[in-house]
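Counting convention: from 1, in listed order, for ligands and their atoms alike.
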Amino acid sequence: MLCLGIETSCDETALALVRDGRCVESVLATQMDVHALFGGVVPELASREHYRFLGALYDELMRRSALSLDAVDVIAVTRGPGLLGALLVGAAFAKGLALAANKPLVAVNHLHAHLLAVGLEQPLHYPLLGLLVSGGHTHIYRIDAPDALRLLGRTLDDAAGEACDKFAKMLGLPYPGGVLLDRLAQRGTPDPHLFPRPYTHTETLDFSFSGLKTAALTYLRAHPGLMEEGKRVREAGTDAASPSLCDVCASYMLAVAETLSLKMERALNLPENRDVTSIAVAGGVAANTQVRAAMQRLADKTGKPLLLPSRFLCTDNAVMVAYTGALLAERGWGHGLPFSSVPRGQRLPDDLGALRAPMPKGDA
Ligand code: KG4
Ligand code: ZN
């Protein structure tokens with residue numbers, strides 16, 4: 001099955017072709033530079049940029065793959081969650097293609113696509129315990145099948161990526177700070193006692209990073225020199241960072257990474273999850289060096305294999321959308337033209353999948 005995937009939920013415009021679980025070709029245009037001028041993603045600008053790039057990227061994808069829409073069996077598009085205007089650009093484009101070429105259309109839950117993406121690189125054996133850590137989400141899922149994902153825990157306030165980006169901002173580092181924080185942290189030595197592991201005293205699998213942010217802010221106020229240094233790094237690059245700045249970044253990232261792994265361990269220890277065969281970690285923050293290391297330590301401790309996607313598959317891309325769309329289509333799921341996009345903060349129809357009811361194969 002050849003699936004065309006379209007992703008426009010945030011600030012990456014991406015298209016990809018996936019055939020039988022392997023990427024054939026993918027194209028991506030990032031808007032990071034545009035939004036960096038404003039210190040965060042500006043929704044209206046994101047929609048305009050998607051609209052500006054989508055057609056040209058589609059042509060580029062078809063040219064590079066030497067394929068045409070005729071060869072595509074199913075079209076998959078991100079339904080949500082994301083920025084509504086941005087999602088609508090992708091959905092309208094996908095609906096146009098589906099209508100013009102009379103192709104089945106599958107609307108994909110962006111979060112599920114992140115979690116399943118590792119299946120492009122390694123075989124997935126269910127049930128899995130999945131951790132999605134991105135700029136907008138920190139979710140723990142039990143995954144029994146591509147269309148059976150159950151949310152076990154979520155953040156009550158900031159997502160892990162947001163907690164990284166906000167700490168970077170406090171330091172005066174440029175947006176998006178998570179990657180820079182990672183780079184600086186790799187050169188530092190973490191102090192495991194400097195920052196708390198927030199919201200881990202409760203039995204719940206939910207997260208809350210506000211306590212960590214407050215602790216970090218208090219620490220920085222007591223050490224204003226670090227913020228001055230952050231500004232210097234902004235101007236002169238990461239080489240200008242002192243060992244003490246790198247150490248504090250490493251300590252903060254360790255707190256985030258260990259909080260994530262503590263909750264995952266708790267989820268793995270639940271009696272109903274004893275049958276879980278492996279751990280999958282996905283989303284932008286899964287690219288973080290300390291998060292990857294903490295998850296590897298958890299995997300070693302529990303004897304459950306760790307499925308970590310390559311860094312390209314961690315951040316937003318359309319390969320994961322095409323892959324998930326194909327998995328769903330193979331299982332008989334499909335949408336017609338009437339589906340609506342679902343913005344961030346609004347529940348997807350069943351919160352488990354983008355889809356409420358399966359349709360017969362090929363009937364979109
Ligand atoms: O999944 P993603 O690309 O976009 C969505 O939010 O859907 O995740 C973006 C988030 C941002 O908060 C970014 O700072 C963070 O992932 N991020 C990282 C790293 N790479 C991306 N955070 C820490 N370390 C990284 N290496
Ligand atoms: Zn994402």
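The protein heavy atom nearest to atom 17 (N) of ligand 1 is G284 O, 3.6 Å. For atom 24 (N) of ligand 1, the nearest protein heavy atom (residue, atom name, distance) is N288 ND2, 2.9 Å. The nearest heavy-atom contact from the protein to atom 15 (C) of ligand 1 is V285 CG2, 4.0 Å. Atom 22 (N) of ligand 1 has G178 CA, 3.5 Å as its closest protein atom, hydrogens excluded (heavy atom only). Protein heavy atom closest to atom 11 (C) of ligand 1, with residue, atom name and distance, is D165 OD2, 3.5 Å. Protein heavy atom closest to atom 9 (C) of ligand 1, with residue, atom name and distance, is G135 N, 3.6 Å. At the top of the distance list for atom 7 (O) of ligand 1, counting protein heavy atoms only, stands D316 OD1, 3.4 Å.
Ligand-side atoms of ligand 1 in range of A287: 26 (N), range being under 4.0 angstrom from any heavy atom. Less than 4.0 angstrom separates some heavy atom of T315 from each of these atoms of ligand 1: 3 (O). For ligand 1, the atoms closer than 4.0 angstrom to any heavy atom of G161 are 12 (O).
Residues Y58 and F93 bring their aromatic ring centres within 6.0 Å.
Contacts between M253 and ligand 1 below 4.0 angstrom, taking non-hydrogen atoms only, are absent altogether. Only the side chain of D182 comes within contact range of ligand 1, with a heavy atom under 4.0 Å; no backbone atom does.
Across A322 and A16, no two heavy atoms sit closer than the pair CB-O, 4.0 Å. Nearest approach of R22 to L120, heavy atoms of both residues: NH1-O, 2.9 Å.
Closer than 2.8 Å to the Zn ion (ligand 2) sit the protein N, O or S atoms H110 NE2, H114 NE2, D316 OD1.
The salt bridge (Lys or Arg N to Asp or Glu O under 4.0 Å) check on R48 picks up E44, with sequence neighbours excluded. E265 pairs by the salt bridge (Lys or Arg N to Asp or Glu O under 4.0 Å) definition with K301, not counting sequence neighbours. Not counting sequence neighbours, D20 has no partner by the side chain to side chain donor-acceptor pair (under 3.5 Å) test.
Looking at E12 and T315, their side chains never bring a donor and an acceptor atom within 3.5 Å of each other. Side-chain N/O atoms of D191 and S251 include no donor and acceptor closer than 3.5 Å.
Heavy-atom separations between H110 and ligand 1 include at least one value shorter than 4.0 Å. Heavy-atom separations between G136 and ligand 1 include at least one value shorter than 4.0 Å. Assignment of R311 to the shell around ligand 1 is not supported, since no heavy atom sits closer than 4.0 Å.
For the atom pair CG (D316) and OG1 (T8), the distance works out to 10.0 Å, reported to the nearest 0.5 Å.
Taking the six-membered ring for Trp and thresholds of 30 and 60 degrees, H201 and Y199 have ring planes more than 60 degrees apart, a perpendicular arrangement. Between F207 and F209, the two ring planes are parallel [angle under 30°; tilted spans 30° to 60°].
In terms of modelled atom types and a separation under 3.5 Å, the side chain of K213 and the main chain of K166 share no donor-acceptor contact.
Under the 4.0 Å criterion applied to side-chain N and carboxylate O atoms, R142 and D275 are assigned as salt-bridge partners.
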